[in-house]
Amino acid sequence: MISQEIKRGIIDENPILVLALGLCPSLAVSTSVQNGFGMGMAATFVLTCSNVIISLLRKVIPEKVRIPCFIVIIATFVTIVQLVLKAYFPALDKQLGIFVPLIVVNCVILGRAEAYASKNNVFRSLVDGLVMGLGFTIALCILSVIREVLGSNKLLGFKFSPRFQPMTVFILAPGGFFTIAFVMGMVRHLGNRKKGV
Amino acid sequence: MTNEQQPKKEPSDVNPSAADSTTPELLQLTAAPHLRQTESVSHIMLWVVMALLPSLAAGVIFFGLRALLLTAVSVAAAVVTEWAVVKFLKRSVTIGDLSAVVTGLLVAFNVPSTVPWWMVAIGSSFAIGVAKMTFGGLGANFINPALAGRAFLMAAYPSAMTRFGPTAFGSLSGIDGMSSATPLAQFKAAMADGSFQALDFQDALSDLFIGNVGGCIGETSALALLIGGVVLLYKRIIPLRIPLVYIGTVFLLSWIFNGTDAHLTTSAIIIPFYQILAGGLFLGAIFMATDMVTSPITPAGRIVFAAGCGALTFIIRKFGGYPEGVSYSILIMNLFVPLIERSTRPKMYGKVKRRD
Amino acid sequence: MPVELLYPVIVVGSVGFFFGVGLAIASKKLQVYVNPRIEQILGLLPGANCGACGYPGCSRFAKAVAEGRSEPSGCVPGGSKTAHAIADIIGVSAGVTEPLMAVVHCNGGRGRALERARYEGIEDCHAAILIGNGSKVCQDGCLGLGSCVRVCPFDAIHISKEGVAVVDADKCTGCGKCVKTCPRKIISLIPKVHKIFLACSNHDRGAKVKKYCSVGCTACSLCVKATPSGAIIMENNLPVLDYTKEENFIPAAYKCPFHCFTDLVKTRPKANIDTKCNGCAACVAVCPIPGVISGEKDKRHVVDKEKCIGCGICLNACPVHAISMWGVGSNVKTTAGKR
Amino acid sequence: MVNLISLVEISIGAVFINNFVLSRFLGLCPFFGVSKKLSSAAGMGMAVIFVMAIASSLTWLMYHYVLELYRLDYLRTIVFILVIAGLVQLVEMALQKYSPTLYEALGIFLPLITTNCAVLGVTIINTDLNQVTGMQYTLIESVWNGVMSGVGFSLALLLMAGIREKTEFAPVPKALEGLPIAFITAGLMALAFLGFSGLNFFTVVGG
Amino acid sequence: MVEKHFIAVCANLFQEKNVPRRYTFKGGVHPPASKNRTERLPIEPFPAPKKLIIPLSQHIGAPAKPVVKRGDRVLLGQVVGEGGGFVSAPVHSSVSGSVLSVGPFAHPVGRQIISVEIENDEKDETAALTAPIKAWRDAAPQELVQLIQAAGIVGMGGAGFPTHVKLSPPSNKPIDVLIINGAECEPFLTADHLLVLERTENFIEGVLILKKILNAKKCYIGIEENKPDAIKRIVSLLHNARLREIRVCTLITKYPQGGEKQLIRAITGREVPSGGLPMDVGCVVQNVGTTVAVFDAVNRGIPLYERVVTVAGPGVGSPKNLRVRIGTPIIFLLEACGFDPTSVKKIIMGGPMMGLALSDVSVPVIKTTSGVLAVDATTPALRTYPCINCGRCINACPINLVPSRIVKYIEKENYQAAEEWNVMDCMECGSCAYVCPAKINLVHWLKLGKYHIQASHAAAAAGK
């Protein structure tokens, strides 16, 4: 069951590459693997914690004000993340910039809260948060590996190839769009091929 | 049941009417009109290629055989990319319509002669592979592929794309010295540090006209581009209004806002001429802004489009971060094309008040 | 220290309180009636307001679905689960009816029906009708250009090798979109249980039809005679099947000399007479095919399995219930075009 | 107090150079979601401008007069999102009640805006230190920044919608249909918008 | 095409004063006229065949109802189909003989249409016709219109609008301009040209009859400048007869110069409102053939049972202008003109720009058949290139539509948008498809779009 869940989070319902949620941070911070991984971890933390809390409170929260409640819960964890980053990873915090507070409005997190955590028990919500976060992180890493290598000829900050001339466009906005477009297209292409067989 | 084999009758023994005996083959049933003009898309593209040849010749004369090599690489990369994408998508091969050749030529014309050959190949492949074929090929792209290729290279390799080689016959009279910067960069620098001397630039005009200046392969020779433009105008492939309005707008704006207080002094009159002859304005106005696919289809829209290109070119040249603004201005106006087309629908015959 | 702890609590609490109370009052004061089904659907949606459905926000999508302007499957993040749940809500009002399926009343593909010209134009039946009324001699034949294929939301119609439209009974839901679009009006809905229909729509006289179509109905009326209940009547040179009468059309289909009927059942189970048979010969009297059941009086009768068409009429006629249907059957696949 | 030059600079920066969508990657979900039709793009654009302006002013006041005063900067995220969410919902309800026509035109886009990172983003940018000048925006500047960021967003949205209506006819490869081709479109738009980089009307460059 | 106009204006400026003004409209195309093989050939009468098929629907409006039955003997000019309603015209027998059958027969439009099959007894016994009104100058217009209706005259240019309807405008729409359409802008066709040349006097008298009926103040005859002999002949006749109220307008040779709306725009400068009729701007346009038929009906009492047909095209050896009985199967015409069945790929009824491709050569000549063309090469029917947005279709469109855009909407089944872009005003002249370098079947798509929009309107109306 767990492996199935993991497959669901990473492949079948990958938040970025299949569901196309949480696009803003995934494009903005995937300029380097460090940033992408950091953002992925932060989001996973918020996603898992908020999923758990929302699942715990799902019977208490009144239907009408559920969205504001969810947001407050998510925002609390985001603030925690912000404080932790500031304290221990100041460089990363500076890199991610306003996209740390913007985790609040990341559709992945709110979407899972609304679609999953508010309807399932705590354990399932925890697992869901973890696998979805994993899927999010993996997708971010894929994007950032491509962009870092092509855009600055580096991988995790180390020089990648001595001969390759990096294309700066890939760490600029257009490159982000092109990268996600082609990664997504590739995922779909493989998916179509699988379905076709 | 219906499963048994049905003895099939040959169509010939169930002939419905006697008249058919005189018709050996089935007649073709199509919608009117039954007459068509012979000119086709590939004819048009062929003529565009022909019209680009004088500029290629000029490029080779001023920048040496390397220009020819880059052009060849660019064209080959464009055609191969289109062929590969089409094969990958399992669609019918479209390289026969020659549009990839045109794109390849234009990408090469938009890079300096000093760039490495693989860079131009990347630009061409991007132009065809991303800006054109992802949308489904000819006619479907919304942005000029060649210019998208150039913009991609500009963003990817900014330093290589702005390093220009000197021409074969020495450089601009008077003002150049050692640097091989483009006339527009020199102009901008001269305006910025106050060393502007109208006469220096006046002398340069003839060099600008024939193309003996630094710049991209295909953009320097206004003369060669004009020859190509006349050919296309004569063949009615491009509408006169786009280049005319585009160049006219740049001319007017750089005359009015020439940076001096006067408008009738020598320098005030030299500036607009210098502005229209320098840089890629002629290439852009004659060959890129007129790209049918990415310019408005409506006659009035074409004027708006061209005027917009002119204004943006002027703004980017004067206030922007680049000395040259032609390619970006056309790209930006490409984005506006759907909105322009929408608001400039031609007035239909009969949209008049009814006489009751 | 406690004060520093207090401030955030007060600030967040008061902001929350302020908006909570404000919203509560507002939601009472500013209430506007909305279709309860919209609310229901909205409840099923992920609520991410991502816009992937093409509508501005989940509520708009819910409204569109409730009003029938969008398919229930429009929500991408919701996936198929959500789609099914929504479909259930929508379906409640649709009511339960007898399942129907679309059938194409033409089997005159290439090699069977004569062409009179070479149509070269837009691949669309309506377009072919507009110029020269299509290329078939038969004015009621399937044009095979696939207008019905394109409107089918369930991918249940395809054009056969011979160039006529064929409905896949498994996929067809009887929505009737193809019926509406067919320019020749040769698609209709029949109850799914019947599986037999007339694959011809031509109203010409028999002699004329024979000139241009080998599977065209010549209005010979044999099918009418094979259906004594009167569930088939001839109207304007074409038999009309009345499915409301629950008639057994198997004999009629079998009797057609030009094989104008299509039976979606490939092989029907054959009748078998067991030892209970007392030889009353009641079955012989009702069997539509002469010579299928034979046997001496008062002795066990036998069925010629080669000839039996599996109509099952004898089942009800047998007073001692000695007849049953044997054999693999119900292989529901369209047979049109594969005869 | 009102520095016209700074307002113009804010405008150019927010609309062209640092366009919210094409350069800052903010508000992408609604950008791709609502850009299929020009009419809804226009409605969405108006709604975003409206909400950004109001949210900018409210959050600026909140930040400078409550949070900063009590040294509660770290609550910024929670408070801002609460303010925006509540505000949007109130506006939506009010519109639905009092002006159904306006609601049809704008209100339906409001739920999309609650969770639009562009709105939260602009309020955070308003209260952050400006990276160029190293100063914080004044109230007027931040409202103006909100409006202009909304305008930039709307401009990108309108252009995108126009292009998508056009490329709707295009035979896009199957795997790229829908979002991927929209990403490529946005990428090419961003490429074109690079032309605006370095645009500066006030530091004299060319005389 | 502002540039083109600019040149035209300049050219007009430098013209000498006494050169007559050349009229034209905006847009249009210049297909090769291809008229040189037939434009000097006199009209030959074509013998009536043994068997004729006279369709009861030869015009726009309700089809005629048969009034004969199998076995009946009919005479030349006898009514075989009675008009059903005001917008309808009777149908006459074009030979004397016996009715073989009344039933569905192949019709040029491709459908089976109720027709009367007549066996010719080759006696040409004439029926007692409606009495001609020789003194038409004194007759009441009403009387003349009735006579024209009884003679079954419909617009012979192609559309087949019953002439009497055009001649009875409602009282709130006064007609001040009568235009005779002699443009014959379709390539290959020379039937009208020859008719004018051979029967100029009758033609002019026909014009006068029409003018009298409509009480029109002005009357113009529009002829394309590639028919100088016809222009000269009419002008000299008018001059001799001192008929100053009729003016001949020389039209620039351009397709579709003979389109009703284009002709009105060229000659009077008026624009027929979208969805309206010429009478909305006080104009009535009549074709040359119709005018001569009116003369025949009024002056001689002859109903419309024969017409002039140009048989031409690369697929026939000796093209001809033939006077043909209505109901003659076109195969006979083709055979008489040396038609080579092996090389012919397509047979067109009408001109090459707007004519119908036939799937059956047994269909009869009807009142609107101006020509029969045998073509030896197929036209590109399927799309060979994608649309490159060149805008030539816009420049060619005589009513200023954006065909390529509309077609894209129709391809995506967005009929609402197509309607917003005025597809319903398209008159299917074919100019856009003619110039399209991508060889897109624009007209076919436009037809399809109009069909779907009409169908949805009809459904909406039925739902109300």
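The sequence lines fix the lettering, A, B, ..., with proteins before strands; numbering per chain opens at 1. All values derive from a computational prediction rather than experimental measurement.
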request  = Check the surroundings of atom NZ in Lys51(E): do more than 12 heavy atoms from other residues, nucleotides or ligands lie under 6.0 Å from it?
outcome  = no
Checklist entry - Parallel, tilted or perpendicular: which describes the rings of His126(C) and Tyr451(E), with under 30° parallel and over 60° perpendicular? => result tilted
Applying a strict 4.5 Å limit to non-hydrogen atoms, the region of Lys180(C) in contact with chain E is neither
Bottom line for Asp124(C): the part with an atom under 4.5 Å from chain E's heavy atoms is side chain
Interatomic distance, CD1@Ile131(C) vs CG@Leu448(E), rounded to 0.5 Å, equals 10.5 Å
Open item on the list: If you define the side chain from C-beta out and look only at heavy atoms, does anything of His203(C) sit under 4.5 Å from Pro104(E)?
Closed with: no
Heavy-atom nearest pair, Lys208(C) first then Gln112(E), reads NZ-OE1, 3.8 Å
Nearest heavy-atom approach of Gln139(C) to Arg111(E) is OE1-CA, 3.5 Å
Okay, His107(E) and chain C: the region with an atom under 4.5 Å from a heavy atom over there is neither
Taking a cut-off of under 4.5 angstrom between non-hydrogen atoms, the residues of residues 365-375 of chain E near chain C are none
d(Ile113(E) CD1, Asn133(C) CG) to nearest 0.5 Å is 9.0 Å
Minimal heavy-atom distance between Ala117(C) and Ser359(E), with the atoms involved, is CB-CB, 3.4 Å
Bottom line for Pro108(E): the part with an atom under 4.5 Å from chain C's heavy atoms is neither
In short, salt bridge (Lys or Arg N to Asp or Glu O under 4.0 Å) pairs touching residues 443-455 of chain E with sequence neighbours left out are Glu428(E)-Lys447(E), Glu428(E)-Lys450(E)
